Amino acid sequence: MKHFDYLVLGSGIAGLSFALKAAAHGRVAIVTKKNRAESNTNYAQGGIAAVTSKEDSFEMHVRDTLEAGAGLCREEVVRTIVQDGPARIAELIEFGMKFTERETVAGRELDLTKEGGHSKRRILHAKDVTGREIERALLAAIAAQPNIQIFENYFTIDLITTQKLGLVGPNHCVGAYVLDKKAGQVRTFSAKSVLLATGGCGKVYLYTTNPDIATGDGVAMAYRAGAPIANMEFVQFHPTCLYHPKAKSFLITEALRGEGAVLKTMDGAEFMEKYHPLKSLAPRDVVARAIDSEMKRSGADHVLLDITHKPARFIIDHFPNIHATCLRHGIDITVEPIPVVPAAHYQCGGVVTTVDGETEIAGLYAVGEVACTGLHGANRLASNSLLEALVCAHRAAEKILNSKTEPTAVEIPAWQSGHATNPDELVVISHNWDELRRLMWDYVGIVRTNKRLQRARTRIAMLQEEIRQYYWDFVVTSDLLELRNIATVAGLIVDCALERPESRGLHYNLDYPTPDPQWAQRDTVVRRSS
Ligand code: SIN
């Protein structure tokens with residue numbers, strides 16, 4: 001049994017920045033299923049949207065966010081997050097973050113780039129490796145904090161709640177059971193407050209820009225613990241993931257289009273003017289659907305993104321990581337277009353929370369992609385997510401530290417593995433993993449229909465039952481736990497999608513091709529029936 005004041009699950013921007021604040025008030029454990037820098041944050045290229053220039057305003061950022069969110073954002077949440085942004089950015093810089101700067105006549109200032117849906121240049125970035133630089137800075141700050149202990153290769157199996165322990169009264173989260181992967185043992189962590197900062201669920205789909213860790217663990221655990229989950233139908237597909245047999249999940253940042261890159265079909269024709277007046281810089285859902293439709297029409301397996309009209313020096317200076325990675329795959333982006341396809345990128349729904357990260361379960365907080373605060377609505381504005389994580393992590397820390405409620409003291413039993421034996425046929429895990437991800441891609445992708453969604457629901461239910469049996473019969477492994485989580489999250493996406501009889505933002509259903517005004521402002525909320 002390990003006792004801490006604060007238990008943080010996940011080591012991206014939300015978890016690390018929360019831990020730095022909580023450490024001033026108590027002992028913090030950060031639990032992460034791989035190594036400490038392996039998070040979704042680490043792979044963010046584009047940057048953080050925040051109002052830092054005189055030509056910009058909070059009002060404009062709020063308006064762009066609401067417009068992208070297609071009638072489902074919570075305006076008060078949007079305002080809070082946008083207005084808190086500059087203070088949190090200043091703090092991140094104090095922690096050691098180095099954003100890219102540029103020379104001006106007035107001296108050096110933060111360089112701002114542009115992405116789809118933004119009416120102003122407002123994306124702060126570190127070249128095209130913003131997330132990597134954030135992780136570096138926050139981990140360096142954490143290394144100087146004796147109150148924080150990081151547990152690497154520890155996979156959280158489930159949250160421990162008073163309800164699960166059979167106690168009466170309001171449900172309270174008191175810790176988590178965690179698989180120590182190297183020792184093959186399940187450890188029990190207890191804490192006064194637990195923060196879910198586990199990121200999103202891109203791996204639910206066959207093609208994704210996300211790293212392997214993005215298996216929706218936080219949403220699945222919170223759902224099993226009884227927390228409401230909302231708006232999971234809104235999965236954002238990024239229009240431009242590198243298409244190459246050897247390149248796995250490599251994102252081509254939208255900032256490339258922000259700096260002038262243009263989408264073309266295989267014969268070199270521009271096509272975005274047919275779909276939106278903003279052409280290649282139209283909102284992401286429009287661009288992803290346009291690419292999907294062009295690929296279906298022509299039978300091509302990708303489209304092209306062309307920035308060759310810009311000087312080579314400019315391209316290499318602004319996008320060194322993309323340039324080097326493409327070059328390794330034999331593509332010189334300064335002289336030839338980049339083959340790209342859309343891929344699952346961001347989960348806009350999640351565990352229902354306030355803007356302070358509170359969930360419906362006392363003592364359980366959720367921040368970042370795992371949470372649904374109401375900022376993104378039906379479609380996330382590019383680069384708003386790192387901002388949300390930073391602002392909400394700060395607010396969650398403040399909320400917890402100012403809270404007067406004393407947590408319930410409970411006896412937590414050790415993990416029981418019963419009669420579980422070693423798994424007999426690992427092929428069950430790999431087969432179900434592949435089947436789930438392919439069926440989500442084919443039936444619950446960019447364009448949906450009721451029939452496809454129903455088909456997916458039936459198959460997912462069968463897979464869930466098989467996985468459930470496997471989970472009870474055999475000792476847990478991280479592969480089995482991830483499979484169990486993606487199956488849960490896939491089911492939630494389908495359930496939410498079937499509940500919304502309209503097309504809005506990222507959810508496009510051919511059976512209801514337009515938005516229904518009655519569904520504006522209405523979230524799709526699901527919770528486990530106990
Ligand atoms: C990108 O760099 O295109 C991704 C940014 C984001 O998804 O917010």
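One-based numbering, in listed order, for ligands and for the atoms of each. Start at 1 with the first residue, then count along the sequence. Bear in mind the structure is a predicted one, so any value in this text is a computation, not a measurement.
For the pair A255 and ligand 1, the shortest N or O to N or O distance does not fall below 3.5 Å. No N or O atom of S385 sits closer than 3.5 Å to an N or O atom of ligand 1.
Among T113, T253, L256, the residue whose heavy atom lies closest to atom 1 (C) of ligand 1 is T253.
Every atom of ligand 1 is numbered from 1 in the order shown, and the set under 4.0 Å from a heavy atom of H238 is 1 (C), 3 (O), 4 (C). Ligand 1 places these atoms under 4.0 Å from at least one heavy atom of H345: 4 (C), 6 (C), 7 (O). Interface atoms of ligand 1 facing E115, defined by a heavy-atom separation under 4.0 Å, are 1 (C), 2 (O), 3 (O), 5 (C).
Across all non-hydrogen atoms, the minimal contact from C392 to I81 is SG-CD1, 3.9 Å.
The side-chain contact (heavy atoms from CB on, under 4.5 Å) with V340 is formed by just one residue from the set L251, L256, L242, V303; it is V303.
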Chi angles and distances behind the salt bridge (charged side-chain N to carboxylate O under 4.0 Å, His left out) call for E502, R522 = CA-CA 11 Å; E502 61 162 355; R522 273 173 72 181; over 6 Å; no
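What sits closest to atom 4 (C) of ligand 1 on the protein, heavy atoms only, is R284 NH2, 3.5 Å. Protein heavy atom closest to atom 8 (O) of ligand 1, with residue, atom name and distance, is S383 N, 2.6 Å.
Between the side chains of D64 and S119, a donor-acceptor pair is found at a separation under 3.5 Å. A side-chain donor-acceptor contact under 3.5 Å links N384 and H61.
Legend: residues meeting side-chain contact (heavy atoms from CB on, under 4.5 Å) with A227, ordered by chain and number and at least two apart, are A222, V351, I361.
Contacts between Q236 and ligand 1 below 4.0 angstrom, taking non-hydrogen atoms only, are absent altogether.
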